[in-house]
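Structure, as structure tokens:
Just the heavy atoms: all of them, side chains too, but no hydrogens, waters or symmetry mates, feed the values below. In what follows, chains are A, B, ... by sequence order, proteins preceding strands, each numbered from 1.
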Amino acid sequence: MDIRHILAPTDFSEYANRAVAAAIELAQAFGGKLTILHVVEPPSYLVDSHASSHHGPLLLKAMEEQAGQELARLLTQLPAAQVEITRRVMVGVPYQQILACASAEPVDLIVIATHGRTGLRHLVLGSVAERVVRLAPCPVLTIRPPAPQA
Amino acid sequence: MFKNILVPVDLTDVHQPALEIAARLAKANDGEVTVLHVVEVISEVWATEDREFYNRLERTARDHLARLGHVLEARAVPRREEVVFGHRAPEIVRYAGEIGADLIVLKSHRIDLQNPSAGWGTVSYKVGILAQCPVLLVK
């Protein structure tokens with residue numbers, strides 16, 4: 001199987017960004033390209049509130065712009081690589097948008113951290129990574145934080 | 001980045017994609033691949049009872065691993081073949097820790113989107129949750 005296109009979602013957590021770094025290495029090893037994705041999850045008060053019809057779109061727009069800037073900044077912090085990298089920002093439920101992106105591109109591999117901002121308590125069921133592992137149409141590489149030193 | 005790759009397999013012929021991707025990763029990093037089969041034991045006294053039965057299973061498994069190893073041999077990737085006894089998911093995770101594997105590559109099933117919870121009990125899912133190293137699930 002060829003790995004020509006890798007998708008690396010990040011929530012900008014330390015672990016997620018390690019997964020992005022791993023994805024860059026893999027893309028380089030396989031001669032593939034990479035899409036780095038951040039999903040902006042609308043705050044619940046925007047989804048639930050009836051009073052936010054005016055400010056909601058403005059706030060979301062600002063969140064998207066900030067995410068785009070964060071992605072650009074992230075790339076400057078990672079080791080330089082001869083890899084074609086596309087940055088994407090999507091809005092919605094993270095695991096759903098990751099799967100939608102994986103299907104739409106399409107990608108050959110998703111590289112995702114298992115401990116993002118939702119942390120350990122969602123490790124087994126219900127985390128973004130767990131859902132992506134279970135539902136992705138393509139291979140998924142899960143990257144874990146290093147084991148604590150004894 | 002991945003030099004010590006573990007590929008757990010059963011005795012079916014569905015593991016070719018996992019072996020191929022493991023071979024490519026190992027080749028890219030001058031690494032090696034260990035192909036592992038866990039003979040599932042059905043009682044805690046398996047080593048003393050039914051020993052001949054488990055010996056036959058081991059011989060069958062080793063023959064199968066030797067055949068699978070040709071994929072790696074064709075790519076000139078250093079390989080090892082191991083047969084161990086136990087319960088599959090915990091034994092795979094334990095063995096990965098024992099050899100210091102930095103990646104586990106294993107075949108995973110495709111999820112039926114009409115019944116997405118059906119895969120929760122599978123070996124690949126358990127390994128994906130429990131392993132202490134990165135896990136690549138190949139569908």
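Val14(B) and Leu19(B) fall into different hydrophobic clusters, where Ile, Leu, Val, Met, Phe, Trp and Tyr are joined by side-chain heavy atoms under 4.5 Å apart, directly or via other members.
Both tests do not hold together for Arg24(B) against Phe2(B): distance to the six-membered ring centre under 6.0 Å, angle to the ring axis within 45°.
No side-chain N or O of Asn55(B) forms a donor-acceptor pair with one of Arg59(B) less than 3.5 Å apart.
The part of Leu103(B) that comes within reach of chain A is its side chain, from C-beta onward, which places non-hydrogen atoms under 4.5 angstrom from that chain. Both the backbone and the side chain of Ala22(A) have a heavy atom closer than 4.5 Å to some heavy atom of chain B. Contact of Ile110(A) with chain B is not made at all, since no heavy-atom distance falls under 4.5 Å.
Between Phe12(A) and His38(A), the ring planes are parallel. Angles under 30° get that label, and only those over 60° would be called perpendicular.
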